[in-house]
Protein chains: 2
Amino acid sequence: MARRVTIADIAAAAGVSKGAVSYALNGRPGVSEATRTKILAIAAEMGFVPNRAARSLSVSSAQTVGIALRRPARTIGIEPYFMELISGIEATLSGGSFGLTLQIVGTVQEELEVYRRWWAERRVDGVFLCDLGTSDLRLDFVADLGLPAVAVGGPVEGARFPAVWHDDVEPSRDILEYLYTLGHRRVARIAGIPGLLHTAIRDEACAETAAGLDFESATMVHSDYTGEQGAQITRRLLSSANRPTAIVYDNDVMAVAGLGVAHELGLEIPEQLSLVAWDDSPLCRLTHPALTSLTRDIPAYGAKCAEVLLTLIGAAEASAPPGPEARAFSVQCKPAQLSPRGSTGPALV
Amino acid sequence: MARRVTIADIAAAAGVSKGAVSYALNGRPGVSEATRTKILAIAAEMGFVPNRAARSLSVSSAQTVGIALRRPARTIGIEPYFMELISGIEATLSGGSFGLTLQIVGTVQEELEVYRRWWAERRVDGVFLCDLGTSDLRLDFVADLGLPAVAVGGPVEGARFPAVWHDDVEPSRDILEYLYTLGHRRVARIAGIPGLLHTAIRDEACAETAAGLDFESATMVHSDYTGEQGAQITRRLLSSANRPTAIVYDNDVMAVAGLGVAHELGLEIPEQLSLVAWDDSPLCRLTHPALTSLTRDIPAYGAKCAEVLLTLIGAAEASAPPGPEARAFSVQCKPAQLSPRGSTGPALV
DNA sequence: ACGAGTAGCTTAACCGGATAAGCAGGCCGT
DNA sequence: ACGGCCTGCTTATCCGGTTAAGCTACTCGT
C-alpha cells in the first residue's frame, strides 16, 4: 500500500520549510526560481497530490460542485437527458480540477435539506438547479444561503444568480407551423409536468401559435414524462372520435412509447399519424421510423452550465456577495432545432 | 446570507470547551448526561452541521465514495443501466450520510489516474469498479493503493476485494432453451464489448448451451452496445441467406434498435422474428411489441454494492488492511429472470 | 483521615495545507 | 559607513474538527 506524500515530506527532502514548499507549489512569490524548480521537481518525483480536506479547510473552498436530481429511483435512468447533462458538466469540470457530487432526492424538502447540508458542511462551492418550477422555492432558498448556483433552465425572473437556458417559444412555433404546413389540422401535444417552468412556457407558446393558425383542434394533455403515461394518453387520444393526425411529445421517452402504441393500433407512420419528440437523444434514431425531434446539444448545454457556475464561484471567491451583475452571466443557448425524420409526413385527410 | 456554526460557537453558548462539545456530539463518554443534553439542544437550535473538511482532516476519512464511468459522453445517457445503478447506490448511501462523487472518463489510463488522485487527495473512502474486463488492470491497481473497492460484476478470481455479481450462465441457458422450445433453430446473439467480463461469460455459456441443443445455426457477433451497431448488425443478420428467426441482444438499447430494423424491413414480430433483450429497463416496455427481457433489479443491485462498500470501508477503518476475508463479502445476487413479452413467439418454419 | 480511583471537564496537540508576520542577509543610495 | 529596502526564507498561526493527556473535585474504601 502506497504512502501519501505531504508538503512536510517535500520540505524535508528539499531542506526547506513547509511554507516555502507551499509558496513554490502555488506559484506565489516568496521563493527564488532555483528553489521553486527544485521543489517542484521533488514534488513531482514523490508524486505529491495535496490533501483535499486540508486545502479545503484552509481556503474555505471545496473544489466541488453539486447536483441534486429529484426523480423517482426507478424512472431516472430512462431519460437520457440527465446523464448527457452530467457528462457535459464533467467535461468542463475535469479541466478545472473540480469534482462533482451527485445526490438523488425524492422531494423538494429533501432537496432543500441537501443544499443546506452541503452549504453548512462546505461540501460544495456551488450547485446546479435542475427542473425549474414556475415558482421555485429553491431559488430564494439557495440565494439566501449564499450558495452559488446556476439555474439549468429559464428564463428566471429577478433571480439572484445566472440561468443557462434555451428559448422554447421559437421551437414551439416551428413545430406547429411545420405540422400545419404538412397539412395537419388536428394536432395534440402530450406535455410534461405542469409545474415545470419549461412546460408552462411551451404550453403558452403552443397555445398562442395554435390560435394563430386555423387548426381544427389543438389538444394539450399534461403527463409525468413516463413512458407509461405517454402510451396511455396516446392510446386515449387515438381512440377519440376526431383523433389527431399529429402528436407532439414533450420528451423522447413518451414519443417512443407513443410510437409503440401507434404500432399496436396498426397505424402507418407517418401516413396515418405524425409524431414529434421534444429533446432529441440517440433514442429517437433507434426506432423505425426514426422520430422527428427538436434537437438540442445537451452535453454542450451541461458544459456551458458548468462554465457559468465556475465563473460564478470564481467571482464569489474574489469579491463579496454575488451582486446583481450575476444576471449578466445568464446565457441563452441556441434554441432547439427541428430535425425532420421519418415519423412526420403530410397529413392524408 | 446565513452564517455557519462551528463547535466553538456551541462551546461558547453552552459555556463549555470545544472538546466537551465534540464528545457530546459524537456520543462519546467524557461528559455528563445533563451537559450532553444541553449541548445537543444548543447545537440543534443553532443548526450546527460539522464542516466536512475539518472532520475529514482529523479522522482521515472523506465520508464519500466515488464512481468513475468510462463511456463516451454522447452515448452514456442512452443506457438506463448506469443511472439506475447510481440511484440504487444513492439509496443506501443517503442513509449513512455518505456522499457520492462521480467522474466520467475516456480511457482506462484516465480512470486509473482518477483513482490515484482520489486516493492521494483522500477525496473518497472507496470506489465502485464498473464494466469489469476479462483481465482488468484496475483490480490490482486499486488494491495496491489500498483503496477500498467493490467490483460491480464478477465473479472475480482471486480479487483482493469483494464483488457483487449475478450469475449469467443460468440466464444464458434459460434464454436459449426458451427459444429452442419455441421452435427456433437459427438463433443469433448480438453480444457486448468483447473485453468485458460478463460478455465473455455469456459468450461461453451461450456457446456451451447451444452446443447441447441441435440448433441449425447459433451465431454470435460482438458490438459496442450502441444502437447504431445494434441496428447495423441486425440488418446484416436479417439480410443473410439463412437468416435467424430469433435474435438475443446483450442490452436493451440494441434490442430496441433491432426492433426498429425489423419494422423497417417489414417483418412481423414475433411471427417472423423473435427478439430478446438482456438487461430489462422501462425502455423494453415502451415498444410494440414489448421486448422479452432478462430482468434484473438494477437499483437493488446498486444498493447492494453500496452496502458492501460501506461495510468494507467500516472494516478498513476498524482494522488494518482488508485481508483475504474480503472475498467472503462477495455477494451473488439473484440471476436475471426471463420476462416473456410480445417480442418472442413460436418459430413459424 | 487519607490516598486511590473516577467522573467530568479543560487544555493542547494534531490532521495538512495556506498565509501573515518576522527575520536574516545582500544591495542600494548617499 | 550606515539606514532603508528588497529578496528569500522561516516561524507561527489559522481553518474546524478529533482526541490524548492533564487537571480538579468528588466518592469511596480502609
Side-chain angles (χ1 to χ4, degrees), chain A residues 3-40 42-43 46-64 97 117-123 125 317-318, chain B residues 3-40 42-43 46-64 97 117-123 125 317-318:
Chain A
R3 227 186 65 76
R4 262 168 279 243
V5 180
T6 72
I7 54 169
D9 299 328
I10 300 177
V16 295
S17 68
K18 276 172 53 179
V21 174
S22 181
Y23 290 136
L25 292 174
N26 294 302
R28 311 180 124 269
V31 286
S32 66
E33 271 318 305
T35 319
R36 183 187 306 276
T37 313
K38 185 170 123 201
I39 291 175
L40 288 177
I42 292 176
M46 297 177 86
F48 171 74
V49 182
N51 179 314
R52 280 257 161 174
R55 172 172 252 148
S56 293
L57 188 55
S58 287
V59 302
S60 294
S61 116
Q63 293 276 100
T64 300
S97 82
R117 190 160 46 75
W118 279 351
W119 167 83
E121 290 180 337
R122 278 200 176 285
R123 190 182 244 287
D125 297 325
E317 273 174 9
Chain B
R3 226 184 66 74
R4 262 167 278 242
V5 180
T6 71
I7 54 169
D9 299 328
I10 300 176
V16 295
S17 69
K18 278 171 50 180
V21 175
S22 179
Y23 290 137
L25 292 174
N26 294 302
R28 309 177 127 270
V31 286
S32 66
E33 271 318 305
T35 320
R36 184 188 305 276
T37 313
K38 186 169 121 199
I39 290 175
L40 288 178
I42 293 176
M46 297 176 88
F48 171 76
V49 182
N51 179 314
R52 267 258 178 349
R55 172 171 252 150
S56 293
L57 189 56
S58 290
V59 303
S60 294
S61 116
Q63 292 277 101
T64 300
S97 82
R117 190 159 45 74
W118 279 351
W119 168 83
E121 290 180 337
R122 277 199 177 285
R123 190 182 244 288
D125 297 326
E317 273 172 10

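The structure presented is a predicted model; accordingly, all values stated were derived computationally and were not measured. Just so you know, these numbers use all the heavy atoms, side chains as well, and skip hydrogens, waters and symmetry mates. Throughout, a chain's letter reflects where its sequence line sits, starting with A, and its residues are numbered from 1.
- With sequence neighbours excluded, no residue forms a salt bridge (Lys or Arg N to Asp or Glu O under 4.0 Å) with Arg122(A).
- Between the P atom of dG16(C) and the CZ atom of Arg123(B) lies a distance of 18 Å, rounded to the nearest Å.
- Judged purely by atom type and a 3.5 angstrom limit, Arg52(B) has no side-chain atom pairing as donor or acceptor with the backbone of Trp118(A).
- Taking a heavy-atom distance under 4.0 Å as the criterion, the stretch of DNA chain D touched by chain A extends 5' to 3' from dG8(D) to dG16(D).
- Following rounding to the nearest Å, Gln63(A) (CD) and dA18(C) (C1') show an atom-to-atom distance of 13 Å.
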Contacts table for residues 10-25 of chain B: side-chain donor-acceptor under 3.5 angstrom, sequence neighbours left out:
unit_1: Ser17(B); atom_1: OG; unit_2: Ala20(B); atom_2: N; d: 3.3
unit_1: Ser22(B); atom_1: OG; unit_2: Asn26(B); atom_2: ND2; d: 3.4

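- Contacts between residues 16-34 of chain B and DNA chain D, counted as heavy-atom distances below 4.0 Å, involve Lys18(B), Gly19(B), Ser22(B), Tyr23(B), Asn26(B), Arg28(B).
- Met46(A) has its CE atom 13 Å from the P atom of dG16(C), to the nearest Å.
- Nearest-nucleotide positions on DNA chain C for Ser58(B) and Thr35(B) put Thr35(B) closer to the 5' end.
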Check against side-chain contact (heavy atoms from CB on, under 4.5 Å), Asp9(B) and Met46(B): CA-CA 9 Å; Asp9(B) 299 328; Met46(B) 297 176 88; 3.9 Å; yes
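- For the helix from dA1(C)-dT30(D) to dT30(C)-dA1(D), the angle separating the two terminal helix axes comes to 50°, with each axis derived from five pairs and the value rounded to 10°.
- Listed by chain and residue number, Glu121(B) satisfy the salt bridge (Lys or Arg N to Asp or Glu O under 4.0 Å) test with Arg123(B) (two or more places apart in sequence, or in another chain).
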